[in-house]
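Nothing here was measured: the structure is a model prediction, and the numbers come from that model. Numbers restart at 1 for each chain; the letters A, B, ... are given by sequence-line order, proteins then strands.
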Number of protein chains: 4
Amino acid sequence: MEWPLTVTAVVFLAAYAWPILQPGLPRGWRVACGVLTAAAYVVFVVDYVVRVAVSQDRPRFLRTHVPELLVVVLPALRPLRMLQLLNLLGQLNRSAAGSSFRGRVAAYVASAATLVVLTGALAGLDAERGAPGANIETFGDAVWWALTTVSTVGYGDLYPVTVTGRLVAAVLMLAGIALLGAVTASLASWLIDKVSADDDAADDAAEAATRDDIHRLLDEVSALRAEVGELRSRKG
Amino acid sequence: MEWPLTVTAVVFLAAYAWPILQPGLPRGWRVACGVLTAAAYVVFVVDYVVRVAVSQDRPRFLRTHVPELLVVVLPALRPLRMLQLLNLLGQLNRSAAGSSFRGRVAAYVASAATLVVLTGALAGLDAERGAPGANIETFGDAVWWALTTVSTVGYGDLYPVTVTGRLVAAVLMLAGIALLGAVTASLASWLIDKVSADDDAADDAAEAATRDDIHRLLDEVSALRAEVGELRSRKG
Amino acid sequence: MEWPLTVTAVVFLAAYAWPILQPGLPRGWRVACGVLTAAAYVVFVVDYVVRVAVSQDRPRFLRTHVPELLVVVLPALRPLRMLQLLNLLGQLNRSAAGSSFRGRVAAYVASAATLVVLTGALAGLDAERGAPGANIETFGDAVWWALTTVSTVGYGDLYPVTVTGRLVAAVLMLAGIALLGAVTASLASWLIDKVSADDDAADDAAEAATRDDIHRLLDEVSALRAEVGELRSRKG
Amino acid sequence: MEWPLTVTAVVFLAAYAWPILQPGLPRGWRVACGVLTAAAYVVFVVDYVVRVAVSQDRPRFLRTHVPELLVVVLPALRPLRMLQLLNLLGQLNRSAAGSSFRGRVAAYVASAATLVVLTGALAGLDAERGAPGANIETFGDAVWWALTTVSTVGYGDLYPVTVTGRLVAAVLMLAGIALLGAVTASLASWLIDKVSADDDAADDAAEAATRDDIHRLLDEVSALRAEVGELRSRKG
């Protein structure tokens, strides 16, 4: 059930991005893109409604899928539907055999950050271009603005002035906080592992007893029991 | 004892927010709101004094409740009393059964961040609107400013110029650092769990001995002791 | 040996701060403050040289005390000598009995952050006030600038333009990164503890074997050995 | 095989930095520096191609060395080749005996951050100086801009306007996120160790059973088995 949605998201991304990147697109193409994005929107709404209908524990589903609900209900958050592609990243990631868990997390975070920055740049440019007092006018500027926002640097040379642009910025800020958290958490997890591995190598005798140790002990006790059993049988 | 305070905080929030959000409010309503916020203030002071009076270990209470003292003493920090509502969030959270500890922390952090941003926007707007050289003039702008501050992006398109506004900003910055820390800590805790679960699955024999292992060993030794006891009784 | 240095740091702080906070100070007082800060500087240099001379492992001492060396050698970093007061904070902290380790870390981080912000504001104001193109002109502005720098918000309404001011800003940025790291680390440590405590409570049987378990097992084996010993003595 | 590359990187750094730091360099020297940087570039390309050719698991090598590929292919990222010097730092670090693992990580992070800031300042200055609308015109300004970017403060007094300058800024932002993550992770790892050491000291009996405990138990069981063996031999 995931692949049709992923294809829909790719179609949505293309039909959404093309008129934004090509401001001089003829009217016909522009209308076609609008129809495609509207169709993709309908697919997402139907998917959400069906999943609510078939879910076992409906209150829990609603509670844990608030972002999907917001995307379906709020028109300003329409571009977020492109984040559906994160599922595709997740699946590519899972099928990439031979990597450590931490390596897969790093690959996922890097590709998700790239997708979020490009999506945010598209949505921000769409919202800001032509607005009175706006300063984000080209796709290059929009990518640069998205980068300074995700990294929480925020020079202030470019910033959104419309409500939609500021909503996009808020999503980028949240993504930036999550990105920073994920990088830090990966480094912390790696460092804690390394340091405890160092400690382990240092003092072997003070290490926690392992199942191997217990099994060796069990073997010893079993041999003892066998000897006692033999002692008794000789007597009888 | 918590619920009356929570109701007081909700009343305070409404009476505080209304005149700020409706600059054209008639004088009568404005006075009524002022009376209500003053009454709520008295309730908070009385609550603080009573809690100091009945606390077992007074020096420890004073030491661990410095924020409450500051809120009671400094007029500029009055809006912080709305953070009393964080207790309400905490209680709703505890009663939400069936969630993991980490899930409850995430829900609490998300709702606390939303409350802090909205409260900060209200207090910042109240402090800044009409001040000479100020650039935060509408509630929308104030929310946007609070968002850029909490996320530590700080574009600089909007910033406070009054002392009160800067105090509000300082609280928002602290909240931002705490938010970033909480997100990172949650991700780190999740990742460390996942990685150690992976390691556990990989090598079962090198795992720490569990109580189960020890109990199986104890059973073996007890059986052995019973055999020896029988051996002795046969002899007697 | 720490207390004389702490007193010197307090005197240095007072003699350094007074002329900065009171631009209209008479010339006599200004000269007296200059003499006091110079004297305190000599004390710090002598202390550093003596500690190098008496240290057991001199290369290691030099390697781990690079900040002290920079403070002694670079005139622009003179205000950093106030950070000597962090030692005082550390001692007050250690003597505060009855707190958990994590509580003491939190108290130390909070007071160190306050000291760094105030020191940075003083040093930044001293460097910037009167410089061509500078925008930090009052102590209030300087504190606000130090806050926006430490929190890494960086609105850009105020920023240093002199080399000394930018060095002070670099120290504040480093302090901000350390502050963010300390807050995050404390939250992560607390959360990891809580989650593992939850896990422990959930499944007791899968817990690691404790020394208590082993001692109960040892008692059982000892009793068995006593019985066998009795068996043998009966026979002899 | 690492040392020739390191020497090449040092030569590249010198030949790259000199014309940037000395805008008035005579044409002859300028050409010589250009030849040297081009030669160093060829060395890096050859090194990359050879390493791809001799690698055991070529797809894995390509996947884990994406940054090297980007540096070889994209001219705008040429200055990143200076980060080859990070390998030198890593080797110096490994040979620094007598330090803890965490100490070595801290030393590596500090020196890597310094190298990244200086390299970023050079590359940013090279890209921005003379561009229309650019505000980074001297090396001092460039270092200051790199600092505000790496620390994610981003005042916005200086910011890049060219595509190359923005690419350099993006690398600095990534380095800043990694720096913040590394500092936080080190503090978290230290704090988690300290807190668990505190816990260990507090309750010794509830500690995990160590290999020592198991060995003492094994000795006891072996002695018992010897006694039973003697019992049997007496009988025979």
Side-chain angles (χ1 to χ4, degrees), chain C residues 57 59-60 63-64 66 100-102 105 135 145 148-161 163 166 169-170 172-174 176-178 180-190 192-193 207-215 217-218 221-222 224-225 228-229 231-232 235-236, chain D residues 96 98-99 103 107 110 113 117 140-141 143-144 147-148 150-159 176 179-199 203-210 212-214 216-217 220-221 223-225 227-228 230-231 234-235:
Chain C
D57 181 354
R60 191 186 142 80
R63 197 150 32 82
T64 56
V66 169
S100 69
F101 179 73
R102 213 140 41 205
V105 166
N135 44 39
W145 161 74
T148 60
T149 304
V150 156
S151 64
T152 78
V153 168
Y155 288 117
D157 53 341
L158 302 175
Y159 51 85
V161 297
V163 172
R166 287 174 174 181
L172 283 172
M173 289 167 191
L174 282 178
I177 289 174
L180 194 46
V183 168
T184 303
S186 301
L187 285 170
S189 152
W190 171 80
I192 287 165
D193 267 26
E207 215 178 316
T210 64
R211 294 204 144 159
D212 262 4
D213 295 326
I214 294 286
H215 288 158
L217 184 54
L218 257 176
V221 171
S222 296
L224 172 61
R225 198 176 164 184
V228 170
L231 206 79
R232 193 170 56 167
K235 198 156 226 170
Chain D
S99 306
V117 165
D141 277 1
V143 170
W144 169 241
L147 267 178
T148 60
V150 156
S151 64
T152 79
V153 167
Y155 288 117
D157 53 342
L158 301 176
Y159 51 86
L179 170 65
L180 195 46
V183 168
T184 303
S186 302
L187 284 169
S189 153
W190 172 80
L191 196 61
I192 287 165
D193 267 25
K194 278 277 179 183
V195 167
S196 71
D198 256 38
D199 286 2
D203 49 352
D204 192 70
E207 214 178 317
T210 65
D212 262 5
D213 295 326
I214 293 287
R216 239 173 295 136
L217 185 55
E220 187 77 359
V221 172
L224 172 62
R225 197 176 165 183
E227 274 197 56
V228 169
E230 203 189 332
L231 206 80
R234 246 190 237 186
K235 199 156 224 167

Q: Please determine, among Asp157(D), Thr152(D), Asp141(D), Val150(D), the option with the most heavy-atom pairs under 4.5 Å with chain C.
A: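 Among Asp157(D), Thr152(D), Asp141(D), Val150(D), the one with the most close pairs to chain C is Asp157(D).
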
(Q) Which atoms of Ser186(D) are under 4.5 Å from chain C, going by heavy atoms: the side chain, the backbone, both sets, or neither? (A) neither

Would you name the heavy atoms of [X] and [Y] that are closest together and state the gap between them?
X         : Y         : answer
Ala178(C) : Val183(D) : CA-CG1, 4.3 Å
Ala170(C) : Leu147(D) : CB-CD1, 3.9 Å
Met173(C) : Val153(D) : CG-CG2, 3.8 Å

Q: Would you please classify the geometry between the Tyr155(D) ring and the Trp144(D) ring as parallel, tilted or perpendicular, with 30° and 60° separating the classes?
A: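 Answer is parallel, since the angle falls under 30°.
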
Q. Highest number of heavy-atom pairs under 4.5 Å with chain D: which of Pro160(C), Ser151(C), Ala182(C)?
A.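 Among Pro160(C), Ser151(C), Ala182(C), the one with the most close pairs to chain D is Pro160(C).
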
Q | Leu174(C) versus chain D, the contacting section by heavy-atom distance below 4.5 Å | A |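 Neither part; nothing is under 4.5 Å.
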
